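The block underneath contains the structure these notes are about, expressed in structure tokens.
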Amino acid sequence: MTQTNDNFSDRRRTGKLGILLLLTAAILLMGGQALRPWPAAGLLPETQTLWERHRERILAPGGLVHHFAFLRDESLASMGQDEMSLWKSLSLPADASVQNFKFVSGRWPGKYAIQMDRSPLELAPPQFEKSFTVQLWFRHRGPGLNPGPNSDTDATILALGDGVWSGFRFWIDYPQNILMFNVGQPKTVPAVTLVAFSRLCPDTWHHVAATWDGKTLSLFVDGLLSDRTSWAGEFHNARRTSKLRIGFTGNGLGSTIQDVDELAVYKTCLSEDQILTSALSGASVSREEISQLTSAVRNAWETPPQGLASLGELSSNEKLSSEVRAAASLRLSELSRLNSPETSAEFLAAVRDASLQIGEKSVLFKSLERTAAHDSICLLTSDNIAKCYLPPERNRSVPSLDPNSITSLCVEYDQALEKFRSEIARGDLAEWMTEYDQTHRSFLKQHCHSCHNASDASGGLNIESLSAGHPGSMALDELERIVDVLQDGTMPPKGHPVPENRSVRAFTTWYEGRPRFALCEELATDETQRWHEGYIHSRRFTRLEYRNAVRDLLGVQLDLVDLPAQDGFGGEGFDNVGDMLFTSTSQIEDYLHSTSVALSEARRNNCRWFPDTSGSSPPDLLSAESLSAFCRAAWRRPVPVDELNRLQMLVESARSRGMDNDQCINLVYQSILMSPNFLFIVEPAPETQGIYRLSPHEMATRLSLFIWSSIPDEELLRLADSGQILNSTVIEQQIARMLRDPRASALGEAFGLQWLGLLEDTRTPDRQVFPDFDEELAESMREEVVRYLTEIFSKDRPVIDLLDSDWTVINARLARHYELPDVPSGWHEVPLHDHHRGGVLTMGAVLTRTSYSHRTSPVLRGQWVLNTMLGKSVPPPPPNVPSLDSSSVDGDSATLRVRLERHRRDPACAGCHNQMDPLGFALENFDAIGRWRAEENGRPVESSVTLLDGTQLRDASDLKRMLNEQRDDFLNNFIRKLLGFAVGRGLSSFDDCVVERCVEQLRENSFRSHVLIREICLSKPFQYRYSPREASDAANKIPAGDVR
Amino acid sequence: MKRRQFLRGAGLSLALPFLDSLQHRGACFGSQSQAANPPLRSVFIHFPNGVWEADWVPTSTGANFELSKTLSPLESVRSRILVVTGLDQPNSRGGDGHYAKTANFLTGMTVQRTEGRDISAGGISVDQLMASKFGHQTPISSLVLGAEPVRTGLDPTVGYTKAYGSYISWRSPSLPATPIVSPKAAYRSLFGSLKSASPQTTLLLDHVLEDANRIRRRLGRDDRPRMDEYLDSVRAVESKLEFLESEEGQLRKKSGKIIAQEPIDPVSFADRANVLLEIVALAFQSDSTRVSSLMLGSGVSNVNFSFLPGVKGEHHELSHHENRMEKIQQYQKINQWYVEQFRNLIHRLDSIPEGDGTLLDSCLVLFGSGMSDGNRHDPGNLPILLAGGSRANVPLGQHMHFENGTTPLCNLYVSILNAVGIPTTQFGCSTGKIF
């Protein structure tokens, strides 16, 4: 029974510690038996008195039905047999307690509480008639992991039955921290509701109680009356099959993170005195004191001015116990704030103070209601001084407050509060990581290490290098993957020992219990900096961007052969990722060549910068004006005087070397185009480290690179000059304009082709097997994809048309190829009447790309669907793939399907092939160049498949329908790809909230594409950057006069 | 084959063959400090997807070894080659099947598994090490070529960016040298500056260098390396121009003895391979550079080899032979075709007189793959061939076999480095030397 230090690590061994201790009515009501003492085990000697006192107060009122407290299980070991059997006779789910809850310290040393979130503690429901009391000691920490179906911020504390149509429930209305109590009423009658008068500070122990004596329903917070209503109706008991639940229930509410210390339920209605007494727990208070206080509170409730006076006396009466005085002054301040208006300056000062105090971990909460009707802000500081601003509409004579200053202060306050919550979360994080090291690391090692280790990291996973990390870190992605494959049984593969269900559940619960960080608002912090280290933003143009920039600036379309070579891909799978855009001499030489070619042609064509100089007064192309204009357009920003001077000095040097006018023009214009100011996207870092917003010109460039893969045009530059480009409305307008512009075809060409993996064309169909396949067809197929995607983006069509649609864009060649009605020359949108074509899956380019040069490959196609459409991947085949047994069946004459079936029978292969192959088989009606076929080699094509979960697909149209029905995976993947393309890097957990918001917006707007583009452009990751710039690097200060 | 037919168009006088200019100036490098010796060059050629070992590894070792089936095209050049088998890449184990075994072919270290961030091949590549030592002695410090464009896309199955399949030359562990994939562009790089170089270009490059410096000062820490690359590259181009303007460069210009013609870019892979090998020979012959690397096909190369009789399919697919004879036969034919390209280069180098021998005597040609069996993706028992370099005392005309798992490929690189005059005892993960 000895208690060692109360260290957290002991308590984390959830499997071994703790069990519910139950005292039941049975003991007490069984005909006057002596009160059983609490088990002596588990109590600290120094808190013995506390316990005793507390127990008396619990038991004194009589009518106790349930009482729950939490002790360590060593106490059970020392219990006698009869006591044990008593507890077992109660209906308690066998494994309810230990697996899903964490033990934390309770209200006094040696006392324990359980921390819960999404898993409720479920108990048999008590039945009441004309009275009840329920009291609970708990501490809440904010909305939990389970958002409710109706409201994602309101959360249940405790409920008997559903609490809406029967029974009752306590819940909290976030973010105002308002405590509510409902008594359920049958349908069509609203539940009886009590609203607590004072707000419930998070992270503080509170006692809440509700009592009913058949006539009056009362709500108490910390022992003091907080709301009351008369109600003499009939109490609707919860069904016997229902439960008394501590924690999440549903019925419109979510879960809260809470620590529950004790629960007591009575059949009788406790008096105000009794409530206050038990709320004061082990304090040594006399009955008189209690009585005085409850009277004063009641008076204050009914007649505030007198009540205030008596409360005031009590709070300053030295003879009373400190607990009673504190309670009195708490209520006093709560009442006071409603009656004594603050001056605006005092109030503002109070908010500012409050923000500062958060940093020192004072307990603060804020109540901010922003409804159409009123704005109110209330603060309760740690010493229970309340300050409150109530708007004049509430009929209080308060000086009006400038709403903007409230807003900005609230923003500051919000940030401080978030930071505070982060710190709590950080503490939780350390605990969470420790739990991994102590419990789950060995579990994973035992079951996974043999295949996933440093020398043989199957599927790229090495258990040894895995460790729990910050929720924003990459380790979490791997852990999530492990949870997924453990849960769906893909791992361990057949033939390997299966881990115990309990351990898997414990691991999963641990993972899901990871501390929540408000990642959306963070973007990056010191801890998670490594996510943003090495993200290169000031990168070179990609090949396509360069081509488009030259086209838009000079009106010259460079040939492929004159462009620099294609670069590699990174991030989410695009070439606009700074990490992969290296610069070698070959690029420089390529640029020298192409700028020279482009300038010559531009001059010959007399583009806007080089108008015809043969007239009477030709413009001076070397004047400051001409150079400045050209430079501004090329460099996408205003050109300060000193840079202009340098250009003119260049001209001078050239002249002094004997170059003529023509050569000077060539030289200086080429140097503008060879400068990294043109070739690179320059985003200089600000002086201070941290998150900062992009400048207007940087923003204009990001927008044009995203939507046009090119430089901003004059209109965007002008809006950047004036700074208006940072305004959300302006951004929305510009997005609409940009999407209508023909340059938006870049979304099809750069994003679309890259996303679908169609950029490479090294694999081409065999000309002997497919003599039909020529350059024209290949070009047409490529163009179809580009135009289709462009159409979806520019005309605001639903993005799910990518999965399946009743239209497409083709030319005559494709009409022939797809056996569709002929179209005139050029490109035309045509309707589709069967479901074979429609969507990208059945486009020629995709079907060709996912085949070998002389035949189809269901495996390649299946893998493509998984990867590209759904964003899933299967690990590569294990080394030493066992060969298909070729002895029984002659290789080629068996159909492809039969041969691949053998792969799927082998357990080592089946895990992944069962996911991939069926998807590809459903597409077998399309040959290796995308033509529809009913037969292959004289046999009818069998495209019908049965998926792992039993779904039957007959052919491609069924496949597309299925994908459309389960479109969440597709949406998530597509949004991630588009966002990854927009920000030019791989995504992290910090971007998850943007993805979620996009999914939401798409759902609410019939999946139309514009809303997606808009959400991305307005999101924080798009508009902000993190700068890791060292503050001490004095040489890097931005020189005055330079433009960012 | 018909290599020459791709070199059409206007002719151009090129730089002097090395020997004459050196005799003028009496300069040389390396340990052979006598005036008249031509410099040693090296080219490293990588071919993808491994080989069918049974037809590659000669059954006997030593000077009287029997050429295996796949190596039979080398009959005519037997005495000029060294066959090395049994070497392995210990740092290629544990990664994926291709990217982790391709990108580090010339570094010998571990390829970082990443989809773009922190890309790394673990170390500098042997050719770039050479370039850093003596690249300044030629207009171009090294010539990095590729027969296929840089692979696009990520491979989420294994978690690597496919670009790893296109880079074997690494200037630093995290900075690949971008290969030139267009023969036209390679030609321009080697010889174009002679046509269009002008004092303008230097002025221009100076100006943009200053632009870059100004920008660099204002960039955040993570962005600066990219600007450094730009600065380095511009400076390298400037150096080339300065070199050509210098006395030695003028000497080279004056007595043009080679006429080389600007190529058009061939469409088929086979033709492109031919032209690139031709360009390597030209680059060495004109002493434009002394070190080169060539990716004769990117990692996971899918080139359609149906142009070979008896082959119907793509390289990577066939390399996954599943131990089926009909696939193995086609795989072997592809291996043999690659060996023929190697032989063609040897012939070409040997047909250029230099000093009192041929260009081949001063060229070390390394030809190999980062894996042996393509089905198993085995980084052991690597197929490696060495040719030329007789002046550097490379032990030619024999087959050296090493016990599997005992000798890293890097040991061969140590030998090669020493052979070209860079005394070193260690490179990559080496544990010694081969010769």
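Treat the numbers as computed from the prediction; the structure is a model and nothing was measured. Numbered from 1 within each chain, the chains take letters A, B, ... in sequence-line order.
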Quiz item: Would you say the side-chain atoms of B/R226 pair up with the backbone N or O of A/D579, donor to acceptor, closer than 3.5 Å?
Solution: yes
Quiz item: Can you say whether A/D567 sits under 4.5 Å from chain B via the side chain, the backbone, both, or neither, judging by heavy atoms?
Solution: backbone
Quiz item: Taking all atoms of both residues into account, what is the closest heavy-atom pair of B/A163 and A/F569, and its distance?
Solution: CB-N, 4.4 Å
Exercise. Side chain from CB out, backbone as N, CA, C, O: work out which of these in A/Q670 comes under 4.5 Å of a heavy atom of chain B, or both, or neither.
Key: both
Exercise. Tell me, for A/F680 versus chain B, whether the close heavy atoms (under 4.5 Å) come from the side chain, the backbone, both or neither.
Key: side chain
Exercise. Would you mind checking which part of B/A185 comes under 4.5 Å of any heavy atom in chain A, side chain (CB onward), backbone (N, CA, C, O), both or neither?
Key: side chain
Practice problem: Return yes if some donor-acceptor pair links the side-chain N/O of B/T152 with the main-chain N/O of A/L759 below 3.5 Å, else return no. | Solution: no
Self-check item: Interchain contact, A/I672 with chain B, by part (heavy-atom threshold 4.5 Å)
Solution: neither
Quiz item: Can a salt bridge be assigned to the pair A/D562 and B/K184 using a cut-off of 4.0 Å between side-chain N and carboxylate O?
Solution: no
Quiz item: Out of A/Q587, A/H593, A/Q663, A/R540, which one racks up the most heavy-atom pairs below 4.5 Å with chain B?
Solution: A/H593
Practice problem: Give, as side chain, backbone, both or neither, the part of B/T178 having an atom under 4.5 angstrom from any heavy atom of chain A. | Solution: both
Quiz item: Hey, are B/K240 and A/E589 close enough for a salt bridge, meaning a charged N less than 4.0 Å from a carboxylate O?
Solution: yes
Quiz item: Side chain, backbone, both or neither: which part of B/Y160 has a heavy atom under 4.5 Å from chain A?
Solution: neither
Self-check item: Under 4.5 Å from any heavy atom of chain A - which part of B/T114
Solution: neither
Quiz item: Where on B/P225 is there a heavy atom nearer than 4.5 Å to chain A: the side chain, the backbone, both, or neither?
Solution: neither
Quiz item: Hey, are B/R188 and A/D590 close enough for a salt bridge, meaning a charged N less than 4.0 Å from a carboxylate O?
Solution: yes
Quiz item: Do A/S584 and B/R171 get their side chains close enough for a donor-acceptor pair, meaning under 3.5 Å?
Solution: yes
Quiz item: Side chain of B/D211, backbone of A/P676: donor and acceptor closer than 3.5 Å?
Solution: no
